[in-house]
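Step one of this worksheet: look at the structure below.
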Amino acid sequence: MVPLAFPLLAGPGAITAVIISLETMGLVTTVLSIVLAIAATYVTLRYSDRIYRILGRRGSLIVTRVFAVFVAAIAVQYVVEGVKVLFAL
């Protein structure tokens with residue numbers, strides 16, 4: 001049995017985000033954001049059945065698509081920042 005959620009929660013993307021946050025925002029902000037992310041993840045996973053019952057299938061699909069747009073926006077921002085640093089714009 002392979003735990004599928006572990007690589008998504010603490011995989012390369014999460015580690016990269018922590019490294020970038022540590023370099024740009026500092027230790028206190030990074031640790032606080034990690035603690036808040038852990039708390040939000042715990043609450044979401046703990047009450048996922050109730051959340052799904054409230055949202056329903058259609059609501060879950062809408063939330064999934066909205067968060068996909070957020071993740072894409074964050075990815076684009078990382079690329080833009082990388083290009084700025086690379087070409088010193």
Side-chain angles (χ1 to χ4, degrees):
M1 179 181 287
V2 178
L4 294 176
F6 183 74
L8 295 175
L9 296 175
I15 293 169
T16 303
V18 168
I19 291 170
I20 291 172
S21 176
L22 185 63
E23 290 178 359
T24 58
M25 298 297 193
L27 181 64
V28 175
T29 304
T30 302
V31 171
L32 183 61
S33 65
I34 291 170
V35 169
L36 289 173
I38 289 171
T41 302
Y42 174 78
V43 169
T44 302
L45 293 176
R46 177 76 170 100
Y47 298 107
S48 61
D49 290 336
R50 292 180 187 171
I51 293 170
Y52 187 76
R53 269 189 263 137
I54 292 169
L55 292 176
R57 182 173 173 171
R58 185 172 300 226
S60 295
L61 290 173
I62 292 169
V63 169
T64 300
R65 290 182 182 168
V66 168
F67 277 108
V69 171
F70 287 147
V71 170
I74 292 169
V76 168
Q77 184 63 35
Y78 281 156
V79 170
V80 168
E81 292 296 324
V83 169
K84 282 182 181 177
V85 170
L86 185 63
F87 294 111
L89 297 175

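Residue numbers count from 1 along this sequence.
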Through direct or indirect side-chain contacts below 4.5 angstrom among Ile, Leu, Val, Met, Phe, Trp and Tyr, which residues connect to [X]?
X   : value
V28 : none
V71 : none
V69 : none

In the single-linkage hydrophobic clustering (I, L, V, M, F, W, Y; side-chain heavy atoms under 4.5 Å), do V18 and I15 co-cluster?
->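 No; I15 is not reachable from V18 via cluster members.
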Taking only residues at least two apart or on different chains, which pairs with a member in residues 60-70 satisfy side chain to side chain donor-acceptor pair (under 3.5 Å)?
->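 Residue pairs passing side chain to side chain donor-acceptor pair (under 3.5 Å), neighbours aside: none found.
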Counterpart residues, ring-ring contact (aromatic ring centres under 6.0 Å, His included), relative to F70 (two or more places apart) |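 Expected list: F67.
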All side-chain hydrogen bond (donor to acceptor under 3.5 Å, both in side chains) counterparts of E23, not counting sequence neighbours =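 For E23 there are no side-chain hydrogen bond (donor to acceptor under 3.5 Å, both in side chains) partners, ignoring immediate neighbours.
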In chain order, what residues pass the side chain to side chain contact (heavy atoms under 4.5 Å, CB included) check against L22, with sequence neighbours excluded?
->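 Only L27, T30 meet the side chain to side chain contact (heavy atoms under 4.5 Å, CB included) criterion with L22.
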Backbone N or O of I20 within a donor-acceptor pair of the T24 side chain at under 3.5 Å?
->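 Answer holds: yes.
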Name each donor-acceptor pair under 3.5 Å that joins a side chain in residues 34-59 to protein atoms two or more places apart or in another chain, with its distance.
residue, atom, partner, partner atom, Å
T41, OG1, A37, O, 2.7
T44, OG1, A40, O, 2.7
S48, OG, L45, O, 3.3

